[in-house]
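Data first, discussion second: the structure below is written as structure tokens.
Worth saying up front: this structure is predicted, and the values here are computed from it rather than measured.
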Amino acid sequence: MFTLYGAGEGQETVKAVRLDDAVGDNVVDLLKIDTEGNERNVLMGAEKILKNHRPLVIMEVRPENQYMAHYSAIDLVKLMAHYRYSVFT
């Protein structure tokens with residue numbers, strides 16, 4: 001279970017599946033992430049995809065959403081660097 005933070009009505013707890021598990025052996029070329037502050041969880045659940053497939057990642061980052069989820073855009077940059085990605089704005 002994950003607690004999701006959004007710009008709307010606060011937070012909600014939902015059941016989630018790791019992208020690595022959902023995708024299985026399928027090839028991923030593009031990963032578009034727009035999860036209203038839950039980007040870090042998505043990236044952490046896509047570790048195999050990011051390391052093995054090296055897809056292009058497009059991600060919207062809004063500071064107010066990261067603040068509500070208790071991490072910053074800098075934390076996302078560090079996480080992407082861990083996966084050997086460069087970040088462009």
Side-chain angles (χ1 to χ4, degrees):
M1 299 297 263
F2 287 96
T3 300
L4 302 178
Y5 300 89
E9 299 295 318
Q11 66 186 41
E12 183 176 346
T13 300
V14 298
K15 185 175 181 177
V17 176
R18 293 173 48 91
L19 276 177
D20 285 338
D21 296 333
V23 169
D25 293 330
N26 294 306
V27 175
V28 176
D29 296 319
L30 172 68
L31 185 58
K32 182 180 182 290
I33 305 170
D34 184 358
T35 55
E36 303 298 324
N38 295 287
E39 295 80 12
R40 181 178 59 179
N41 291 337
V42 172
L43 292 170
M44 292 172 66
E47 182 173 11
K48 289 180 186 175
I49 293 169
L50 295 171
K51 287 183 176 179
N52 298 335
H53 301 278
R54 308 275 311 144
L56 173 64
V57 177
I58 300 171
M59 179 171 31
E60 177 186 16
V61 177
R62 296 179 58 197
E64 58 271 22
N65 291 342
Q66 276 69 50
Y67 175 78
M68 290 175 61
H70 308 289
Y71 69 93
S72 70
I74 298 298
D75 295 325
L76 288 177
V77 170
K78 289 178 181 177
L79 184 57
M80 292 302 289
H82 170 75
Y83 296 125
R84 299 182 55 225
Y85 275 81
S86 297
V87 176
F88 301 92
T89 61

Checklist entry - Atom CG of Asp21 and atom NZ of Lys48: how far apart are they, to the nearest 0.5 Å? => result 7.0 Å

Checklist entry - Nearest 0.5 Å, what's the CG-CG distance between Leu50 and Asp20? => result 7.5 Å

Item to check | Contact check, side chains of Leu19 and Val28, non-hydrogen atoms, under 4.5 Å | outcome: no

Checklist entry - Is there a donor-acceptor pair closer than 3.5 Å between any side-chain N or O of Asn38 and the backbone N or O of Thr35? => result yes

Checklist entry - Between Leu76 and Met59, which heavy-atom pair has the shortest distance, and what is it? => result CD1-SD, 4.3 Å

Item to check | Expected output: side-chain Glu47 to main-chain Gly45 donor-acceptor under 3.5 Å | outcome: no

Item to check | Nearest heavy-atom neighbours spanning Tyr71 and Glu39 | outcome: OH-OE1, 3.0 Å

Next on the checklist: Please give the remaining members of the hydrophobic cluster of Ile58, linking ILVMFWY side chains under 4.5 Å, ordered by chain and number.
Outcome noted: Leu30, Leu56

Item to check | Interatomic spacing from CE in Met44 to CZ in Arg18 - rounded to 0.5 Å | outcome: 8.5 Å

Check: residues 82-89 side-chain donor-acceptor pairs under 3.5 Å, at least two apart:
residue, atom, partner, partner atom, Å
Tyr85, OH, Pro55, O, 2.8

